[in-house]
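Take a look at the structure set out below.
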Amino acid sequence: MEHHAAAPVYDAEKGPIPRTSSSDLAPVHGTSDDANELKRHLKGRHMQMIAIGGAIGAGLFVGAGGALHNGGPGSLVICFMIIGVMMLLMMQALAELAVMYPVNGAFFQYVVRFVDPAWGFAIGWDYAIQWLTILPFEITAAGLTIDYWHHYNIGIWIAVFLIILTAVQFFGVRGYGEVEFFLSMIKIAACSGFIIFGIIVNCGGIPTDNRGYIGARYWHSPEEAFRNGFKGFCSVFVTASFAFGGTELTGLAAAEAADPVRQIPKATKQVFWRISFFYVVNLFILGLILPSSNESLLNASGANTKASPFVLAIAMAGVKGLPSVFNAVITMAVISVANSATYASTRTIQAMAEGGMAPKLLAYVDKRGRPIPTIILQLVVALLAFASEDKKNGPILFNWLLALSGIANFFVYGSICLAHIRFRKAWKYQGHTLEELPYKASFGVIGSYICVGMNFLCLAAQFYVALFPLGGAPPDAETFFSAYLAAPLLILLYVIWKAYSWNRYPTHRQFYVKIQDIDVMKGLRAEQLLVSGPNVPVEERIHPSNSGNQKPGVMGWVKKFTSGLV
């Protein structure tokens with residue numbers, strides 16, 4: 001029998017006391033009998049570094065090499081800028097929802113509630129599978145980076161890094177936050193150092209580099225700013241999406257943030273400028289000092305750091321010792337992504353289990369706030385990393401595992417913005433105003449519409465490249481599905497929940513949740529119920545943060561831009 005979340009309890013002295021667990025947003029009330037909850041141990045510095053640390057990894061340091069070779073420096077910079085704008089719009093929408101409903105599972109819950117339970121089930125499981133499959137790949141990649149110095153049996157390093165990740169899980173969310181903070185600081189320092197290094201190289205300031213002043217030489221003939229034409233341009237989008245993947249972890253971590261109302265907006269406002277600086281500026285500098293025709297870039301995939309464009313650019317300048325330093329940074333970056341993968345997969349699956357969309361056992365959380373069953377599940381899946389010992393079949397396995405997450409981010413980001421659009425409509429339909437919101441997306445609901453459209457265009461571009469690969473090869477089923485496998489997986493997951501819930505939950509039969517059926521009061525923070533609760537008169541429904549608000553003006557926007565960048 002369907003069980004609805006309990007309504008808020010009103011106390012004469014304390015006001016509304018709501019239930020704010022993630023189960024309030026799920027289609028089925030919490031299935032776990034355990035009363036333990038995730039702990040709010042993430043501080044502001046953790047939240048900001050999680051957003052950056054989850055994004056800067058092998059996708060930037062290695063994967064950008066293949067994108068540079070396929071699309072050229074012009075396509076590389078422009079595509080990353082486009083995806084950066086898309087991330088800004090998505091993160092603004094996610095921040096507004098996460099501040100209102102800081103629940104475990106975050107965007108999976110929002111899609112279930114504001115769009116459609118079946119689509120939320122598909123997005124939640126696809127996102128969890130994405131991180132589950134990325135984890136063994138990243139552990140293997142971390143081991144492969146060691147080959148830059150000396151070849152060891154890969155199984156040794158897989159075991160070492162797996163033990164390290166297990167130890168981090170033992171300390172719960174605080175351990176995850178501290179490790180991510182430390183590793184992110186190193187990556188940020190490395191990116192900043194490379195920008196300075198690249199400027200010096202471009203100006204001819206390296207004595208060991210006989211190229212002298214380079215300028216924009218590699219953007220002109222005989223090199224090409226846009227290699228392989230429009231098809232090469234389209235091929236860069238997935239690389240950019242994969243490289244930016246993990247930025248959304250700020251919203252996922254909302255349930256374990258000590259002060260989500262302040263921390264989430266602050267992290268969201270700063271993350272775009274920081275990632276744009278570390279990504280776009282780094283890649284622009286990279287395209288100036290490294291020719292896209294370099295044949296070594298053909299091997300720039302996975303964790304082949306010998307083909308990393310950053311390592312190649314440093315080696316071309318003839319600086320000894322520095323390539324090894326940057327390789328060490330890439331090793332730590334890969335471990336950081338693996339650390340993020342453990343967090344994203346365990347929290348998403350635990351939230352789905354609590355909402356009745358995964359086995360009940362996986363909903364358990366111990367007294368220290370650790371989702372033990374999902375941690376065990378994730379570590380068991382991580383053992384697939386040892387498949388890399390099979391030199392013949394191991395790469396084939398990893399290629400198909402990564403195919404499951406190839407375009408998944410586009411569906412996730414578009415669904416987050418769609419949930420934001422539906423939330424705004426339901427909020428207005430039930431007589432509420434934007435003045436009640438503690439944080440409003442900077443670009444409003446228009447930004448979410450634009451983001452949905454951008455995701456659709458990116459999916460179309462990838463479909464074009466998957467159907468007609470670079471090099472003029474004819475359409476091939478294996479090539480297509482290796483690039484577009486996430487789409488049929490999502491459709492399969494959607495159909496599974498529709499079939500499963502058809503008789504159990506008749507309200508799930510419709511293709512989307514009707515606006516009038518959305519209860520915007522469920523899952524609200526207690527403080528927000530004091531502003532927007534049913535017992536609050538309409539004329540008094542103004543959040544304190546919006547009282548006396550004035551438009552910032554030109555200098556106000558300059559100050560916002562500067563503070564966000566610095």
Side-chain angles (χ1 to χ4, degrees), residues 52-84 86-87 134 137-138 141 144-145 148 187-188 190-195 197-198 201-202 218-219 223-228 232-247 274-316 323 326-327 329-334 336-337 402 406 409 458 461-462 465 470:
I52 299 175
I56 300 177
L60 171 66
F61 291 136
V62 181
L68 176 63
H69 189 272
N70 292 332
S75 296
L76 184 68
V77 173
I78 293 174
C79 286
F80 269 79
M81 289 178 66
I82 291 173
I83 299 298
M86 189 176 76
M87 294 300 298
I134 285 176
F137 170 79
E138 295 293 342
L144 290 174
T145 60
Y148 184 85
K187 290 186 286 186
I188 289 171
C191 288
S192 303
F194 183 83
I195 291 173
F197 171 82
V201 170
N202 188 261
Y218 298 137
W219 286 59
E223 296 291 336
E224 297 177 88
F226 298 91
R227 293 172 63 89
N228 297 307
F233 180 84
C234 292
S235 69
V236 181
F237 278 116
V238 170
T239 301
S241 172
F242 185 80
F244 274 111
T247 308
R274 291 180 179 181
I275 288 183
S276 297
F277 181 74
F278 295 129
Y279 271 82
V280 176
V281 176
N282 262 284
L283 294 175
F284 175 69
I285 297 293
L286 179 69
L288 290 177
I289 65 176
L290 180 66
S292 57
S293 59
N294 191 310
E295 293 299 321
S296 296
L297 292 174
L298 289 170
N299 300 316
S301 61
N304 184 12
T305 50
K306 293 180 180 179
S308 164
F310 292 84
V311 174
L312 289 174
I314 297 171
M316 273 191 84
F326 215 90
N327 187 74
V329 172
I330 296 176
T331 302
M332 287 183 281
V334 173
S336 172
V337 174
L402 289 178
N409 283 338
C458 289
Q462 178 59 12
V465 175
L470 291 175

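Hydrogens, waters and symmetry mates play no part in the numbers below; they use all other heavy atoms, side chains included. Count residues from 1 along the sequence.
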Hey, what do you get for [atom1] ([X]) to [atom2] ([Y]), rounding to the nearest 0.5 Å?
X: Leu290; Y: Glu223; atom1: CG; atom2: CD; answer: 9.0 Å
X: Tyr218; Y: Leu68; atom1: OH; atom2: CG; answer: 11.5 Å
X: Leu144; Y: Ile330; atom1: CG; atom2: CD1; answer: 12.5 Å
X: Met87; Y: Ile82; atom1: CE; atom2: CD1; answer: 14.5 Å
X: His69; Y: Arg227; atom1: NE2; atom2: CZ; answer: 4.5 Å

* **Worked check of side chain to side chain contact (heavy atoms under 4.5 Å, CB included) between Leu288 and Val201** => CA-CA 9 Å; Leu288 290 177; Val201 170; over 6 Å; no
Suppose we screen for side chain to side chain donor-acceptor pair (under 3.5 Å). Which residues come up paired with [X], at least two apart in sequence or across chains?
X: Asn294; result: Ser296
X: Ser192; result: none
X: Asn409; result: Gln130

* Between Asn327 and Pro323, is there a donor-acceptor pair closer than 3.5 Å when you use the side chain of the first and the backbone of the second? -> no
* **Short side-chain donor-acceptor distance under 3.5 Å, Ser292 and Glu224** => no
Check [X] against [Y] and note the closest heavy-atom contact, atom names and distance.
X: Val62; Y: Ser308; value: CG2-CB, 4.3 Å
X: Cys458; Y: Ile83; value: SG-CD1, 3.8 Å
X: Phe226; Y: Gly74; value: CE2-C, 3.5 Å
X: Asn228; Y: Asn70; value: ND2-O, 2.7 Å
X: Ala67; Y: Leu76; value: CB-CD1, 3.7 Å

* To do: Check the pair Ile289, Met316 against side chain to side chain contact (heavy atoms under 4.5 Å, CB included), reporting the backbone distance first and the verdict last.
  => CA-CA 9 Å; Ile289 65 176; Met316 273 191 84; over 6 Å; no
* Sequence-distant partners of Phe310, ring-ring contact (aromatic ring centres under 6.0 Å, His included), two or more places apart -> Phe61, Phe194, Phe326
* Using a 4.5 Å cut-off on heavy atoms from C-beta on, say whether the side chain of Phe197 contacts that of Ile285. => no
What donor-acceptor contacts under 3.5 angstrom involve side-chain atoms of residues 234-244, with partners at least two apart or in another chain?
from	atom 1	to	atom 2	distance (Å)
Ser235	OG	Gly232	O	2.6

